[in-house]
Amino acid sequence: MHMPVLHKEHFTGRDFICLQDFTPDEILYMLKVAKELKEEKKGGTPHPILQGKSLAMIFTKSSTRTRVAFEAGMLQLGGHALFLSNRDIQIGRGEPIKDTARVLSRMVDGIMIRTHSHQDVIELAKYADIPVINGLSDFLHPTQVLADLLTIQEHKHCLEGLKLTYIGDGNNMAHSLMFAGKMGMHVVIATPAGYKPDAQVVAQAQAQAKQYGGLVEWVEDPLAAAEGADVLYTDVWASMGQEEEAAIRMKAFQSYRIDRETMERAQANAIVMHCLPAHRGEEITEEVLEGPQSVVFDEAENRLHAHKAIMALLI
Ligand code: CP
Ligand code: NVA
């Protein structure tokens, strides 16, 4: 595999808001650092790269994996993470994002935010003079996809030339996964016509993919999409904040699940991925989620290693 020659200084001080902002070489380099940190951890080698550094973590939505990966990861890097729920900090009582950004910039070394509005993430980054990491917005989930690429590399030993089929909602996961196209992958997004990914994101992902020999497509038929896939991916039908639409979505997405029939269309050695949490019996069957081709817990573990790489490089 082509291995880019880059240095940590290349990343220091940058934000991690969307994969659009990173070249394939930069993404490969981040994956290489994640792999090194993973091996060091497994070998018991300490790596206190961020000793004395702090990460503020703002959460206005629930989280298991993202919170634990950043918090435990920061500790393993020798630093400290602060969990700031909107129920506790003044953002929840209306303090502007731009004020929070400037206050935190004077006290800590990086900010991770998980929130609804993507504009809030951008606003935070605009006013902060320390790195801002997008830990999920309604629009994008880029830290998840970095961990997903690491997982695919581990199981398939490459990225280029692989077909990844995503079946489900045209949501934050679909948007971020489309940027795997610029790693030379063929990304197919299958959603109902009324739940397509954002047209501008599709166009941008397609343009970036084309530049690097990849391909990004939207199709309506989930079974046709699964044909020959190396990676099958799905996510919940109703994301956080869409709870009131759950009943309508339940009807609209009935055929957009990964089940035995989907598996039969994919490559015999295809891997199955899900960002989790999963709704068994909805977007994925219990049999597939717990089956031998599922790599969902490797994927979840890789959040830790990928997020450590992000922090180690940016901060
Ligand atoms: N996949 C993911 O982001 O998980 P959490 O919501 O638990 O952080
Ligand atoms: N699309 C999901 C992802 C959860 C990790 C959500 O936004 O709720």
Side-chain angles (χ1 to χ4, degrees), residues 16-19 34 55 57-74 81 83-86 111-121 133-152 164 166-180 189-192 195-198 201 231-246 248-250 252-253 256-258 272-280 282-284 289 294-311:
F16 190 87
I17 291 178
C18 56
L19 292 171
L55 177 79
M57 307 189 299
I58 302 172
F59 282 91
T60 74
K61 285 178 172 176
S62 304
S63 172
T64 299
R65 282 144 287 267
T66 309
R67 178 185 172 180
V68 177
F70 277 108
E71 193 164 331
M74 196 57 179
F83 174 67
L84 307 173
S85 140
N86 65 321
I111 310 172
M112 196 249 34
I113 180 164
R114 164 169 290 198
T115 193
H116 296 271
S117 154
H118 191 66
Q119 277 316 313
D120 284 352
V121 181
I133 301 166
N134 176 7
L136 180 147
S137 66
D138 285 350
F139 197 53
L140 295 172
H141 196 6
T143 65
Q144 174 73 51
V145 172
L146 193 70
D148 294 341
L149 293 176
L150 178 62
T151 313
I152 297 168
L164 181 152
Y166 170 92
I167 295 174
D169 184 20
N171 62 11
N172 45 10
M173 272 317 312
H175 288 164
S176 285
L177 276 171
M178 285 194 290
F179 290 92
I189 304 290
T191 74
Y195 295 90
K196 280 185 180 181
D198 179 88
V201 181
V231 181
L232 288 172
Y233 202 116
T234 190
D235 183 20
V236 290
W237 293 339
S239 286
M240 290 181 275
Q242 295 174 332
E243 289 76 9
E244 284 175 11
E245 297 173 31
I248 299 170
R249 285 171 168 269
M250 186 76 83
F253 286 97
Y256 290 82
R257 67 163 54 85
I258 303 184
V272 175
M273 303 182 75
H274 191 310
C275 55
L276 302 179
H279 290 178
R280 289 165 163 82
E282 292 182 18
E283 75 276 2
I284 191 163
L289 188 79
S294 167
V295 299
V296 299
F297 296 107
D298 291 344
E299 184 184 358
E301 176 192 331
N302 280 337
R303 301 294 301 284
L304 173 70
H305 310 298
H307 298 7
K308 282 168 72 178
I310 296 170
M311 292 188 288

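Whatever order the structure lists them in is the order used to number ligands and atoms, beginning at 1. Note that the numbering runs from 1 along the sequence shown for the chain. Bear in mind the structure is a predicted one, so any value in this text is a computation, not a measurement.
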Could you tell me whether the side chains of [X] and [Y] share a donor-acceptor contact shorter than 3.5 Å?
| X | Y | result |
| --- | --- | --- |
| R114 | T60 | no |
| N302 | T151 | yes |
| D169 | Y256 | no |

For [X], the ligand 2 atoms whose distance to one of its heavy atoms is below 4.0 Å:
| X | answer |
| --- | --- |
| N172 | 1 (N), 2 (C), 6 (C), 7 (O) |
| N171 | 1 (N) |
| D235 | 1 (N), 2 (C), 3 (C) |
| L276 | 5 (C) |

*Determine whether any heavy atom of L136 lies closer than 4.0 Å to an atom of ligand 1.*
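The answer is no: ligand 1 sits nowhere under 4.0 Å from a heavy atom of L136.
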
Considering only non-hydrogen protein atoms, determine which one is nearest to [atom] and report residue, atom name and distance to 0.1 Å.
| atom | result |
| --- | --- |
| atom 7 (O) of ligand 1 | T64 N, 2.6 Å |
| atom 4 (C) of ligand 2 | L136 CD1, 3.9 Å |
| atom 4 (O) of ligand 1 | R65 NE, 2.8 Å |
| atom 8 (O) of ligand 2 | M240 N, 2.8 Å |
| atom 2 (C) of ligand 1 | R303 NH1, 3.1 Å |

*Examine R249 relative to Y195 and say whether NZ or CZ is less than 6.0 Å from the centre of the six-membered ring and inside a 45° cone about the ring axis.*
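R249 over Y195 ring: no.
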
*May I ask you to check whether L276 has an N/O atom sitting below 3.5 Å from an N/O atom of ligand 1?*
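It does: an N or O of L276 is found under 3.5 Å from an N or O of ligand 1.
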
_Contact (N/O only, under 3.5 Å) between Q144 and ligand 1_ =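 For ligand 1, there is an N or O atom that lies under 3.5 Å from one belonging to Q144.
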
State the [atom1]-[atom2] distance between [X] and [Y], to the nearest 0.5 angstrom.
| X | Y | atom1 | atom2 | answer |
| --- | --- | --- | --- | --- |
| N172 | M240 | CG | CE | 7.5 Å |
| D235 | I284 | CG | CD1 | 10.5 Å |
| N134 | L140 | CG | CG | 6.0 Å |

_Nearest-option assignment for atom 6 (O) of ligand 1, heavy atoms, candidates M240, R114, H141_ =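 That would be R114.
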
*Does D138 have any salt bridge (Lys or Arg N to Asp or Glu O under 4.0 Å) partners at least two apart in sequence or in another chain, and if so, which?*
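Partners of D138 under the salt bridge (Lys or Arg N to Asp or Glu O under 4.0 Å) test: K61.
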
*asked:* Geometry only, no angles: is S239 polar-contacting ligand 2 at N/O separations under 3.5 Å?
replied: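 In this structure, S239 places an N or O atom under 3.5 Å from an N or O of ligand 2.
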
*State whether the number of non-hydrogen atoms from other residues, nucleotides or ligands found under 6.0 Å of E243 atom CD is greater than 12.*
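Buried by this count: over 12 neighbours within 6.0 Å.
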
